[in-house]
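Ligands are counted one by one from 1 in listed order, and the atoms in each one are counted from 1 as well. Every heavy atom of this structure was used, including side-chain atoms; hydrogens, water molecules and symmetry mates were not. The structure displayed is predicted, hence computed values, not measured ones.
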Amino acid sequence: MKRNAHFRTMLWAAVAALALLSLTAGAGAVQSDKKIRLLDDCDPATFNAVLGDGACVSNGHTTFDEFIAELAATQDAHAWRNQPSNMHLNVGRSTLIENRGGETHTFTPVAEFGGGFIPDLNGISGNPVPAPECLNFGAIVFIPAGAVEPGPTAGADLSVGSHKFQCCIHPWMRTVIDVAAPGPSAAPAAAAKHDHH
Ligand SMILES: [Cu+2]
């Protein structure tokens, strides 16, 4: 089928890029890291039949047809999601990105949410225009199933403000990280303490 061949081509490109990047999985987890989990529920038999061997390596239960049908109906495959989708991160705090699914995902910073690099999934999920960052293929970090990668650190990688991240394969998988300015909440407490006569 035409669509299947197309999926396979894109997946192969992703796997090739992954091999080039040779990421360091499972790098040292520090206790203060906040975790962001990338989740999916791919059924290996049906996903691999469409996408090729190794595309889905866990034991999920959503068949490829069910995945496509849910996307077509709701523009969202709910089991494919980032947890959390919103996070407050204090300055100095670091993150870990943990892929708990069976497919490869990305956690890519974008100026604005948009589609990823797989046109079929963009169309069916209602994200027709790719985020430019997802077309900058050499810079995309692929996180294979089961891998844990160091994520951004507030204050170092992320300035005070709001930062958007999405999967460039499944563009409805999104997280917003808000970094608050350090300190201001201490001021009212100090003022209140001073008011004692
Ligand atoms: Cu994904």
Side-chain angles (χ1 to χ4, degrees), residues 3-4 6-19 21 23 25 35-44 46-48 50-52 54-72 74-87 95-110 112-152 163-177:
R3 179 204 267 165
N4 291 359
H6 188 61
F7 268 112
R8 204 171 285 141
T9 304
M10 294 309 292
L11 234 289
W12 194 88
V15 168
L18 181 66
L21 287 164
L23 298 165
K35 277 187 182 170
I36 299 167
R37 296 190 169 92
L38 316 181
L39 307 177
D40 69 51
D41 186 46
C42 63
D43 160 58
T46 54
F47 272 71
N48 292 343
V50 175
L51 303 174
C56 172
V57 298
S58 81
N59 52 357
H61 298 293
T62 303
T63 66
F64 188 80
D65 285 349
E66 288 167 346
F67 167 74
I68 294 295
E70 184 183 356
L71 270 179
T74 67
Q75 285 70 60
D76 176 49
H78 186 64
W80 277 249
R81 66 182 184 274
N82 291 356
Q83 211 169 58
S85 55
N86 282 278
M87 170 184 276
T95 57
L96 271 185
I97 315 302
E98 183 177 13
N99 184 347
R100 298 273 284 261
E103 290 192 285
T104 292
H105 298 287
T106 84
F107 188 77
T108 304
V110 293
E112 297 299 335
F113 290 128
F117 60 77
I118 299 186
D120 285 323
L121 288 181
N122 290 350
I124 203 168
S125 67
N127 298 290
V129 181
E133 295 88 344
C134 286
L135 300 179
N136 185 12
F137 217 72
I140 296 173
V141 176
F142 291 91
I143 306 175
V148 182
E149 305 285 346
H163 302 271
K164 300 182 176 83
F165 297 84
Q166 71 170 74
C167 181
C168 286
I169 299 167
H170 314 99
W172 61 94
M173 297 177 67
R174 299 173 173 181
T175 294
V176 176
I177 299 179

### Task
Go through H78 and W80 one step at a time and tell me if the ring-ring contact (aromatic ring centres under 6.0 Å, His included) criterion holds.
CA-CA 5 Å; H78 186 64; W80 277 249; over 10 Å; no

### Query
What atom name does the N, O or S atom of H170 nearest to the Cu ion (ligand 1) carry?
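For H170, the N/O/S atom sitting closest to the Cu ion (ligand 1) is ND1.
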
### Message
If I consider every N, O or S atom in H105, which one ends up closest to the Cu ion (ligand 1)? I only need its name.
### Response
ND1

### Query
Would a 4.5 Å heavy-atom cut-off, applied to side chains only, mark F142 and H105 as touching?
no

### Message
Taking the side chain as everything from C-beta on, heavy atoms only, tell me whether F107 gets closer than 4.5 Å to I143.
### Response
yes

### Query
When the ring planes of F64 and F67 are compared, do they come out parallel, tilted or perpendicular, using 30° and 60° as the limits?
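Tilted, since the angle between the ring planes falls between 30° and 60°.
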
#### Entry: Heteroatom test (N, O or S) for C168 near the Cu ion (ligand 1), limit 2.8 Å
no

